[in-house]
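First up is the structure itself, then whatever we jot down about it.
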Amino acid sequence: MEENQKMLNPIEREEISHGVGTNKNRHLILYNDDINTFDYVISCLIEICEHDFVQAEQCAFITHFKGKCDVKKGDYKSLKPMKQSLVNKGLKAAID
């Protein structure tokens, strides 16, 4: 680790290591579960990821049949709150 990174708090170090603001090729991945309904997942994607109904519905079906779906692309800093909101709603999500 570089000397100037040692003085940063853990969140700032994590953001630097994830290339916040510099790498727009991150993916917010939604994973399938056997708990949440299609309607609930669709409404979460509309609310949190700003999908329209058709896009949210397609992502829900892809997630169900393939086990996961790339629901949003962007930089780490913009995807992190969306991921946390999905998790807070009981969905399984990660940033890749």
- Note on the structure: Rounding to 0.5 Å, atoms CG (Leu28) and NZ (Lys83) come to a distance of 9.0 Å
- Query: Can you find a pair of side-chain heavy atoms, one from Leu30 and one from Lys92, that are under 4.5 Å apart?
  - Reply: no
In residues 66-74, what donor-acceptor pairs under 3.5 Å come from side-chain atoms, sequence neighbours left out?
unit_1: Asp70; atom_1: OD1; unit_2: Lys72; atom_2: N; d: 3.4
unit_1: Asp70; atom_1: OD2; unit_2: His27; atom_2: ND1; d: 2.6
unit_1: Lys72; atom_1: NZ; unit_2: Cys49; atom_2: O; d: 2.9

- Spacing of OH belonging to Tyr31 relative to OG1 belonging to Thr63, to within rounding of 0.5 Å: 10.5 Å
- Task: List for me each residue that meets side chain to side chain donor-acceptor pair (under 3.5 Å) alongside Asn32, sequence neighbours excluded, and say none if there are none.
- Result: none
- Query: Listed by chain and number, what are the side chain to side chain donor-acceptor pair (under 3.5 Å) partners of Ser78, not counting sequence neighbours?
  - Reply: Asp75
- Task: Mind checking side chain to side chain donor-acceptor pair (under 3.5 Å) for His64 and listing every partner two or more places apart, or none if nothing turns up?
- Result: none
- Task: Only counting residues at least two apart or in another chain, list the ones meeting side chain to side chain donor-acceptor pair (under 3.5 Å) with Glu50.
- Result: none
- Task: Determine whether more than 12 heavy atoms belonging to other residues, nucleotides or ligands lie under 6.0 Å from atom CG of Asp96.
- Result: no
- Query: What distance separates Ile95 CD1 from Lys77 NZ, expressed to the nearest 0.5 Å?
  - Reply: 13.0 Å
- Inter-residue atom distance Leu86.CG - Ile29.CD1, 0.5 Å rounding: 11.5 Å
Show me the side-chain donor-acceptor pairs of residues 40-48 shorter than 3.5 Å, one per line, residues at least two apart or across chains.
unit_1: Tyr40; atom_1: OH; unit_2: Lys89; atom_2: O; d: 2.6
unit_1: Ser43; atom_1: OG; unit_2: Asp39; atom_2: O; d: 3.4
unit_1: Ser43; atom_1: OG; unit_2: Tyr40; atom_2: O; d: 2.8
unit_1: Glu47; atom_1: OE1; unit_2: Lys89; atom_2: NZ; d: 3.3

